[in-house]
Amino acid sequence: MESLKKKKQRAEKIFEILDPLYTTEKTALKYSTPFELLVSTILSAQCTDERVNQVTKVLFKKYKGPEDFVKAPISELEEDIRPTGFFRNKAKSIKACSQALVEKYNGEVPSTMEELIKLPGVGRKTANCVLGAVFDVPGIVVDTHVKRLAKRLGFTDNTDPDKIEKDLEKLLPKDKWRRFSDLLIYHGRAVCKSRKPDHAHCPIFHLCPSKEI
DNA sequence: CTCCCGATAT
DNA sequence: ATATCAGGAG
């Protein structure tokens, strides 16, 4: 059983190696306001960022703020976001979420975890995403990539995202949380892929226990 | 745990 | 054909 101290050392090294490698990520969600990021993140569930950006490029011209989503007929909104998948659930979430923002927060996106996760369709992953990107609040975004890499790297045995988040928090100081989860996501997309991890081009292969399996 | 769900890579 | 993609709710 690897000690926490050893894990921390490994996490630090991994951070130092990956940090300079993923500097200009072009495939990130595009948005111009906190609200747009919130909507984009809801749409990103089980869908690539690229496709979300395709959809939001048109979507945000039609819907300028939460008020416009509240006004829109649900069936119309469903069609507007259809290519992102889970379109009925997502349309419902976005509409209910927009309504809550208008009613409780004067149309603004709240800036705390407690408030954000109360919004319909917003869980810790989406909340951390928004908190980190527009409010500069430290947090580990546990999405499917982070989940997979944390396991492969031997940083967690848990499958519950909330527990994985806490396991990863122990490894690095707060100011590195956000960047660390972003790095894991980029590395997960580019190299440590779900189906065919590219061991030959992995710069942290020597720090990964999965190579022994 | 299951369901939601279209598009792409393998 | 099947697994997977910046998840969340019931």
Side-chain angles (χ1 to χ4, degrees), chain A residues 18 22 24-31 34-60 69 74-75 77-101 109 113-135 137-152 156 158-165 168 177-201:
Chain A
L18 295 184
Y22 299 104
T24 50
E25 289 312 306
K26 43 194 179 66
T27 50
L29 294 176
K30 289 179 185 168
Y31 59 92
F35 177 69
E36 285 189 3
L37 174 60
L38 182 62
V39 173
S40 298
T41 310
I42 291 173
L43 291 176
S44 73
Q46 295 294 297
C47 180
T48 61
D49 288 6
E50 200 179 347
R51 182 161 310 283
V52 173
N53 286 334
Q54 261 177 271
V55 167
T56 55
K57 185 175 180 183
V58 181
L59 191 73
F60 294 149
F69 284 100
I74 192 74
S75 55
L77 180 55
E78 284 174 357
E79 289 311 308
D80 289 333
I81 64 169
R82 181 183 267 272
T84 66
F86 294 170
F87 62 92
R88 290 190 185 85
N89 286 350
K90 288 176 182 176
K92 199 187 295 175
S93 291
I94 291 170
K95 203 166 159 63
C97 188
S98 296
Q99 184 139 13
L101 292 182
V109 177
M113 175 62 75
E114 300 74 58
E115 293 171 305
L116 281 167
I117 58 178
K118 281 181 194 164
L119 296 170
V122 179
R124 291 190 65 86
K125 183 262 164 184
T126 301
N128 268 325
C129 219
V130 172
L131 286 171
V134 302
F135 297 115
V137 177
I140 302 215
V141 178
V142 181
D143 71 343
T144 179
H145 297 295
V146 172
K147 197 170 167 181
R148 183 177 68 252
L149 267 67
K151 188 175 179 64
R152 285 181 179 173
T156 186
N158 289 305
T159 53
D160 175 26
D162 291 10
K163 289 179 183 171
I164 294 175
E165 190 182 334
L168 294 178
W177 288 356
R178 171 68 185 191
R179 179 62 179 157
F180 189 58
S181 56
D182 280 347
L183 289 173
L184 292 184
I185 290 165
Y186 298 143
H187 192 58
R189 282 207 287 238
V191 178
C192 193
K193 292 172 283 190
S194 179
R195 295 199 183 183
K196 211 178 64 173
D198 192 358
H199 295 305
H201 296 98

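- Stacking between A:F86 and B:dG6 is absent: the aromatic ring centre is not both under 5.5 angstrom from the base six-membered ring centre and within 30 degrees in plane angle.
- Ionic pairing of A:R189 and A:D49 is present here: one or more N-O contacts between side-chain nitrogen and carboxylate oxygen are shorter than 4.0 angstrom.
- Looking at A:K147 and A:D143, no side-chain N of the basic residue comes within less than 4.0 Å of a carboxylate O on the acidic one, giving no salt bridge.
- Distances shorter than 4.0 Å separate some side-chain N or O of A:T144 from OP1 or OP2 on C:dC5.
- Checking the phosphate oxygens (OP1, OP2) of B:dT8, a side-chain nitrogen or oxygen of A:R51 falls inside 4.0 Å.
- A residue-by-residue look at A:S93 and A:S194 shows that A:S194 has its nearest nucleotide of DNA chain C further toward the 5' end.
- Neither OP1 nor OP2 of C:dA6 sits under 4.0 Å from any side-chain N or O of A:T48.
- Spacing between atom CG of A:D160 and atom P of C:dG8 amounts to 12 Å, rounded to whole angstrom units.
- Ranked by how close their nearest DNA chain C nucleotide is to the 5' end, A:L119 and A:R178 are led by A:R178.
- Proximity of A:R148 to the phosphate of C:dT4: no side-chain N or O atom is located under 4.0 Å from OP1 or OP2.
- Ring centers of A:F60 and A:F35: at least 6.0 Å apart, outside the cut-off.
- Remark: A:R82 is not in phosphate contact with B:dC5, judged by side-chain N or O atoms under 4.0 Å from OP1 or OP2.
- When the P atom is used for both C:dG8 and B:dA7, the distance is 22 Å, rounded to whole Å.
- A gap of 13 Å separates the P atoms of C:dA6 and B:dT10, to the nearest Å.
- Taking the charged nitrogens against the carboxylate oxygens, A:E79 and A:R82 do have a contact shorter than 4.0 Å, which makes a salt bridge.
- For the pair A:D143 CG and C:dC5 P, the interatomic distance rounds to 9 Å; values are reported in whole Å.
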